[in-house]
Amino acid sequence: MSFLKRCTLFLLCVFLVAAVYTDLTKGSLPTAPENNETNTNYTAKQLKVQQGETFLSIIEKINPTLTQVSVDNFVTDFQVLNADADPFHLQVDRYYYFPVYE
């Protein structure tokens, strides 16, 4: 094999190893950026839970234009306002404080 072919083969192997290493460590698919910012600009609103309402349905009803706060932030803010309540097991006819975002 000539010198030029060996160098080309060597460079191809180096690029292949580098590509595999990059793919395994960083990934090759684009991912959405993580937005860990929490929105602390909210007020509390006391509401009585009616039959058939869920935590998320109430949050959507009192925050109709809100799309940039994650469900995790909703849950965290709810738990701050209601320390002893589980947002996924709300009791009917009981009052809870819900975050209303600005």
Side-chain angles (χ1 to χ4, degrees):
M1 235 202 288
S2 73
F3 177 73
L4 186 58
K5 287 182 182 180
R6 284 187 214 166
C7 287
T8 304
L9 185 59
F10 176 75
L11 288 175
L12 280 172
C13 290
V14 169
F15 286 132
L16 179 66
V17 169
V20 169
Y21 175 77
T22 302
D23 189 41
L24 292 176
T25 57
K26 297 179 185 176
S28 60
L29 297 175
T31 58
E34 290 186 26
N35 187 2
N36 293 334
E37 297 178 16
T38 58
N39 185 354
T40 57
N41 297 327
Y42 66 86
T43 57
K45 183 174 185 177
Q46 187 178 27
L47 294 172
K48 185 177 183 181
V49 176
Q50 302 297 322
Q51 183 70 32
E53 289 183 320
T54 65
F55 170 71
L56 288 177
S57 70
I58 295 170
I59 290 290
E60 289 175 352
K61 181 171 60 174
I62 62 176
N63 297 291
T65 61
L66 189 64
T67 59
Q68 297 186 0
V69 178
S70 71
V71 174
D72 293 332
N73 289 347
F74 291 140
V75 171
T76 302
D77 294 339
F78 178 83
Q79 289 174 333
V80 166
L81 295 171
N82 306 281
D84 61 335
D86 180 8
F88 302 108
H89 296 98
L90 299 179
Q91 296 176 2
V92 176
D93 294 331
R94 183 171 173 199
Y95 286 92
Y96 296 97
Y97 289 100
F98 291 91
V100 179
Y101 296 93
E102 298 172 359

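All figures in this text were calculated on a predicted structure; none of them were measured in a lab.
Of the inter-residue distances, the one linking I62 atom CD1 with Y101 atom OH reads 8.5 Å to the nearest 0.5 angstrom. We find the OG1-OH distance between T43 and Y97 to be 12.0 Å, quoted to the nearest 0.5 Å. Here the CG atom belonging to D77 is positioned 11.0 Å from the CG atom belonging to N82, to the nearest 0.5 angstrom. Atom CG of N73 sits about 11.0 Å away from atom CD1 of I59, to the nearest 0.5 Å. Separation of atoms OG1 (T8) and CG (L12) is listed at 7.0 Å; rounding is to 0.5 Å.
Proximity of a side-chain donor or acceptor of S57 to a complementary backbone N or O of E53 within less than 3.5 Å is not detected.
Side-chain contact between V92 and Q51 is present, with heavy atoms from C-beta onward closer than 4.5 Å.
Using a 4.5 Å cut-off between side-chain heavy atoms of Ile, Leu, Val, Met, Phe, Trp and Tyr, with links allowed through other members, L11 and V20 fall into different hydrophobic clusters.
In plain terms, the two heavy atoms of P87 and Q79 that are nearest each other are CD-NE2, 3.8 Å. Across F98 and L81, no two heavy atoms sit closer than the pair C-CD1, 3.9 Å.
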Go through Y42 and N63 one step at a time and tell me if the side-chain hydrogen bond (donor to acceptor under 3.5 Å, both in side chains) criterion holds. CA-CA 10 Å; Y42 66 86; N63 297 291; over 6 Å; no
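Using cut-offs of 30° and 60° for the angle between ring planes, the F78 and F55 rings count as perpendicular.
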